[in-house]
Amino acid sequence: MLINKAPIEAFKALVVGEQVTREMLEDCRFINRVYAAMVGKIAERREQLKQQLEKTQAEWTRYGRAPTRKFGDRSCSP
């Protein structure tokens, strides 16, 4: 990753005055699709983790804080 990130305006000089080709546009579309796919996967994984956290918190509330239960005692069933 870049240590010093620059605003998008800093890259404008790289393409100003240059002809944009079909290949450049296709590359941009490809990068956009890959980026969108990764964002989708990250969002999906985040949702899975959120659901697992909620489940774990519910179990902790239900079992982990039970004052009569001793550590390692599995006799308490749901």
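Reckoned from all heavy atoms, side chains included, excluding hydrogens, waters and symmetry mates.
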Q. If every non-hydrogen atom of Met24 is compared with every non-hydrogen atom of Gln19, which pair is closest and at what distance?
A.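 Smallest heavy-atom distance, with atoms named: SD-O, 3.7 Å.
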Which residues share a side-chain contact (heavy atoms from CB on, under 4.5 Å) with Arg33, sequence neighbours left out: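 So Arg33 forms a side-chain contact (heavy atoms from CB on, under 4.5 Å) with Arg29, Phe30.
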**Study point:** Working for side chain to side chain contact (heavy atoms under 4.5 Å, CB included), residues Arg22 and Leu25
**Key:** CA-CA 5 Å; Arg22 181 175 299 276; Leu25 293 173; 5.6 Å; no
**Request:** List, by chain and then residue number, the residues other than Val39 in its hydrophobic cluster (Ile/Leu/Val/Met/Phe/Trp/Tyr, side-chain heavy atoms under 4.5 Å); write none if there are no others.
**Result:**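 Under the 4.5 Å side-chain rule, Val39 groups with Tyr35.
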Please report, to 0.1 Å, the donor-acceptor pairs under 3.5 Å made by any side chain of residues 48-55, with sequence neighbours excluded.
from: Gln51; atom 1: NE2; to: Glu47; atom 2: OE2; distance (Å): 3.2
from: Gln52; atom 1: NE2; to: Thr56; atom 2: OG1; distance (Å): 3.3

